[in-house]
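Comments concern the structure below.
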Amino acid sequence: MAVIEVDDLTRSYRAASGIWRRSSKVIEAVKGISFEVERGELFGLLGPNGAGKTTTIKMLITLLLPTGGHARVLGQDVVKDAREVRRRVGYVFGGDRGLYERLSGLDNLKYFAELYGVPRRDQGPRIGELLELVKLDGRERERVEGYSRGMRQRLHIARGLLHKPEVLFLDEPSIGIDPVGARELRQTVASLVEGGTTVLLTTHYMFEADELCDRIAVIAGGEIVARGTPAELKRGVSGGSVLEVEVFGSAEDSMATVRSLPGVTSVVVEDRGQAQVLVVRVDTGAEVTQAVLATLGGVPVGRVATREPTLEDAYVELVETGVPA
Amino acid sequence: MTAVLRLLLVGWWLQLKMRSRSAFDGILAIVYPLFFATSVLLMYRQGGSESALIGAAVGASVLGVWSAVATTASTSLQQERRLGTLELLVAAPTRFALLVVPMTLAMGTIGLYSLVATLLWGRFAFGIPISLGHPLVFALASVATAVGVSLMGFLLAVSAVRYRGAWALGTAFELPVWLVCGFLVPIAALPGWVRPISWVLPPTWGVAAIRHAAFGGSPWGDIALCLLLSVLYAVVGTWLSGRLVTSARTHATLALT
């Protein structure tokens, strides 16, 4: 049974500019996306910054009203039944904002427990249980302003779980935390899913989605460009190979020519220090190395290598080409 | 009902805790009202009338309460926006108004300090003999005034949930309210068309009630009007906050960017 149903969901913004002669334009952040998340599933929304991930989550947790389409969470319409949706979902975002710095971790949790109507007699045990889960027991009476980024993030998780939400929305929860903290966070998320919580996770870390998610939707430019299990997405790029050419000059000029070469499926340019790397996806059996080098003309070339494609290549290709699934 | 009262109480207490923990803000809150009081009392001392001086001391004390609430109330939601907590407050299933009222009540409570400090400053630094006619009634009138000022602050505060620039409202209204509510200048001295504006502002009746209590008169009518208007402001503020939150969700103004 689907607990999140998103149907042709759209959100546009009007952005104004100018002081004397004001002009405005409409920006479409989410362009008619549709997907469903089943109960107990960990569903990932993957995409680069500005792809529409956070906007989508904010519509689902009722912080933004959609400009088109429909969405239901736990059978409740996110526009008409906003309060009921809020009662049953949790929301955690990444970064070190979203907490009262001058209060202790414990006071932060007490306040949000009141906001979510956690009965008074249940508050103490629930807070204790969560502090233990996020490994903040013993530090709860310290002010949040003295917490490290990882501790803040763990406090966020505890806050989001106070009212035992059936669906948890995690918006880039591991952003800015160290690898050990991120691993612990992933373990916490995995244990929540084992306990029956449905999780919608947004991230732009491919490995994180790969490790955690049952299914993934890749979003770029406000549209879903691919969806499936991590294995299915990997299979989508398992054929062919990847040619990487290190270039000390502008590689962008050659992109259109390289893209038109027979056997080339996609081309992206990545900045790596002083060099640029032309990453060329090539069909199985096609040999394009000489042809690619010929298009670069007099631009100095460094390392040239061919390798197997990774899931990250699939992600980069999907968000760069932006072809809807 | 019990849950609502508990939420208001917990919210008020935590807001008070948060606002009293900055040493910088604390020193400002202690010193600022004394500067008001000193300026006002020095001016009124020139007139030579003892009753006018006592009236000015009472006016300056309420002025301190209003100043503690006006600017802070209108900037409070912008501060929540900066902290990233505004979205979390709106995302909670609790009515938004119930989360804002404790914030401004906490500011009003801090304002009560300025009321007491101003009167004590007048007594000890300027030798103003304030012999309260009815100390308990005086205390009640002061609390009613703080509630009235807090709920006026609530009305100012909620507009910031929709408009990021609405934090300026408090500064814009701070001085006009000093004048219109008769803190320092009698309302009778204002032009006739201004008086109806004074009558719909709770602090007008609050300061009148405190003056009556200080001079031994009957403040009950003024206290009742102050509280009645406060309830009206609470109702209007609650309705308005619902509309403004919906508008903020439409126009995406809950976040900083």
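So you know, we letter chains A, B, ... as the sequences are listed, proteins then strands, and number each from 1.
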Worksheet entry | A/Lys110 side chain reached by B/Val10 side chain, heavy atoms, under 4.5 Å | no

Worksheet item: Between A/Arg86 and B/Thr94, does a side chain to side chain contact (heavy atoms under 4.5 Å, CB included) hold up when you go through it step by step?
Response: CA-CA 9 Å; A/Arg86 290 172 189 173; B/Thr94 309; over 6 Å; no

Worksheet item: Where do A/Leu99 and B/Leu83 come nearest, in terms of heavy atoms and distance?
Response: O-CD2, 3.9 Å

Discussion item. If you count heavy atoms of other groups shown closer than 6.0 angstrom to OH of B/Tyr233, is the number above 12?
Written reply: yes

Practice prompt. Quick one: pull up CG in B/Leu8 and CD in A/Glu114 and give me the separation to the nearest 0.5 Å.
Written response: 10.0 Å

Discussion item. Is A/Ser104 in contact with chain B via its backbone, its side chain, both, or neither, using a 4.5 Å heavy-atom distance?
Written reply: backbone

Worksheet item: Side chain, backbone, both or neither: which part of B/Leu98 has an atom under 4.5 Å from a heavy atom of chain A?
Response: neither

Discussion item. Restricting to non-hydrogen atoms, name the atom on B/Ala252 and the atom on A/Leu64 that form the minimum distance, rounded to 0.1 Å.
Written reply: CB-CD2, 3.4 Å

Worksheet item: Any side-chain heavy atom of A/Leu65 sitting closer than 4.5 Å to one from B/Thr246?
Response: yes

Fill in: Criterion side-chain contact (heavy atoms from CB on, under 4.5 Å) against B/Pro93, the qualifying member of A/Arg83, A/Glu84, A/Arg88, A/His163
A/Arg83

Discussion item. Just so I understand: if I count every heavy-atom pair under 4.5 Å between each of B/Leu99, B/Leu7, B/Thr85 and chain A, which residue has the most?
Written reply: B/Thr85

Discussion item. Please evaluate residues B/Leu88 and A/Arg159 with respect to the criterion side chain to side chain contact (heavy atoms under 4.5 Å, CB included), reporting the C-alpha separation (whole Å), side-chain torsions for both, the decisive distance (0.1 Å), and the verdict.
Written reply: CA-CA 10 Å; B/Leu88 298 177; A/Arg159 180 196 51 70; 3.7 Å; yes

Fill in: Interface residues of residues 3-14 of chain A facing chain B - heavy atom cut-off under 4.5 Å
A/Arg11, A/Tyr13

Worksheet item: So among A/Thr62, A/Leu63, A/Ile61, which one has a side-chain contact (heavy atoms from CB on, under 4.5 Å) with B/Val90?
Response: A/Leu63

Worksheet entry | Nearest heavy-atom neighbours spanning B/Gly84 and A/Phe93 | O-CZ, 3.6 Å

Fill in: Region of A/Arg143 in contact with chain B, defined by heavy-atom distances below 4.5 Å
side chain

Worksheet item: When rounded to the nearest 0.5 angstrom, what distance separates CD in B/Gln15 from OH in A/Tyr100?
Response: 6.0 Å

Worksheet, complete the sentence: Checked B/Arg19, B/Arg6, B/Glu80, B/Lys17 vs chain A; the most non-hydrogen pairs under 4.5 Å come from B/Arg6

Worksheet item: Any donor and acceptor pair, going by atom type alone, linking the side chain of A/Arg97 with main-chain N or O of B/Arg82 inside 3.5 Å?
Response: yes

Practice prompt. Would you check if the side chain of B/Arg249 reaches a backbone N or O of A/Met59 as a donor-acceptor pair within less than 3.5 Å?
Written response: no

Item to complete: Identify which part of B/Leu14 has an atom lying under 4.5 Å from any heavy atom of chain A, answering side chain, backbone, both or neither.
Response: both

Worksheet item: Counting only heavy atoms not in B/Leu5, do more than 12 sit closer than 6.0 Å to its CG atom?
Response: yes

Item to complete: Please answer whether the main-chain N or O of B/Met18 pairs with a side-chain N or O of A/Arg102 as donor and acceptor at a distance below 3.5 Å.
Response: yes

Worksheet item: Among all residues two or more places apart in sequence or in another chain, which pass the ring-ring contact (aromatic ring centres under 6.0 Å, His included) test with B/Phe36?
Response: B/Tyr32, B/Trp178

